[in-house]
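What follows is one structure encoded as structure tokens, with my remarks underneath.
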Amino acid sequence: MASITFEGVKKSYDGKNFVVHDFNLQIEDREFVVFVGPSGCGKSTTLRMIAGLEDISEGKLYIGDRLVNNILPKDRDIAMVFQNYALYPHMSVRKNMAFGLKLRKVPKNIIDKKISEAAKILDIEQYLDRKPKDLSGGQRQRVALGRAMVRDASVFLLDEPLSNLDAKLRNHMRSEITRLHDVLGTTFVYVTHDQIEAMTMGDRIVVMKDGYIQQVDAPQDLYDKPNSVFVAGFIGSPQMNFLDATLLKDGDCFSLKIGDMLIPVSRGKAAGSDLEGYVNKTVIVGIRPEDIHNEDVFIKVSPESAFEAEIDLVELMGSEMYLHFEFQGHRVVARVSSRIMTRKGDRVKLSIDMHKAHIFDKETEFAICH
């Protein structure tokens, strides 16, 4: 087993322009860490530097206590699972799983034992003599995982392994990979652009943008306390609503003027924050869709943040629905229970839970308070 340490790691292909900038991160032994971000943010490049498939332009990378900058991929004690499975089409499942071990001249009886154990864990015993073309996408992904498992590597690297699967199978394989991590007790580094995968699988999430780390945190902390507008908007579905507001102060009380509506800032949110420096300035208010309510009981206890809106789009999602409407010049989405039936064109009363509001600096887009 092994930890992974990045110290000022950078990557450039032309010696001038960097695609990964000053990457500093400590991944603990046996931890499940997810790199997430939009396409082109550098997450797969960073993973490939761990694997040794990309050279490091600057900085140091350690696996355990060993500096691996100049260590060949085969000597790094890592196993990698690719997006496209990378299976040999002319070989059976058994031979695909055995291939790497045969190259290392592992005795046949040990290879057979490892394959049998991995196949049992992944429930692919019945497919060992089939070719990849005879398997479904989910079965091929299990084979790719099994090929990595038999390596007994210290670090598992997974590069968007579920992106080629349909939605139902992705949901199933998410839980399978999480269970596999628990069984193996190995360090996992997982790359995805899907924030749902990141939130449901990782012990910690590394959010990246343009080659820079934006925030590293546990999933719930990342959701509850995003440190910037980018992180707040990237994590969560539907994404957070962002509203321009003017911060005002009357005595000891702060309030937010959004359009022609004045909404008090909760005292608990203001306490210990740097709101004083933003009085009479424009800030960004972030409200998650689930923190806009249509229940009478909530509206009665939060009349100061209640308003009426005409719904121009309803997305029914089963137990809940997304209501789209315009609020003080902003496009807004509320996620509410489908028990209160609402249709397009209805005028409904809603209320914002200001205890859950996030306030960001308009210029830097960094968080002021949560």
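Under the 4.5 Å side-chain contact rule for hydrophobic residues, Met173 and Leu122 share a cluster. Met149 and Val93 fall within the same hydrophobic cluster, where Ile, Leu, Val, Met, Phe, Trp and Tyr residues are linked whenever their side-chain heavy atoms come under 4.5 Å apart, directly or through other members.
Between the side chains of Asp244 and Thr282, not a single donor N or O lies within less than 3.5 Å of an accepting N or O. Between the side chains of Ser57 and Asp55, no donor-acceptor pair is found at a separation under 3.5 Å.
Taking the ring axis of Tyr13 as reference, the NZ or CZ atom of Lys11 stays within 45° of it and closer than 6.0 Å to the ring centre.
In this structure, Lys10 places its NZ atom where more than 12 heavy-atom neighbours from other residues, nucleotides or ligands lie under 6.0 Å away.
At least one donor-acceptor pair under 3.5 Å links the side chain of Asn96 to the backbone N or O of Tyr88. Under the 3.5 Å distance criterion, the side-chain polar atoms of Arg76 are matched with a main-chain donor or acceptor of Ile50. A donor-acceptor contact shorter than 3.5 Å is absent between the side chain of Glu320 and the backbone of Met317.
Asp291 is linked by a side-chain hydrogen bond (donor to acceptor under 3.5 Å, both in side chains) to nothing, counting only residues two or more places apart in sequence or in another chain.
When each of His324, Arg331, Lys344 is checked for a side-chain hydrogen bond (donor to acceptor under 3.5 Å, both in side chains) with Asp312, only Arg331 meets the rule.
Phe230 is not listed as a side-chain neighbour of Gln215, based on a closest heavy-atom distance of 4.5 Å or more.
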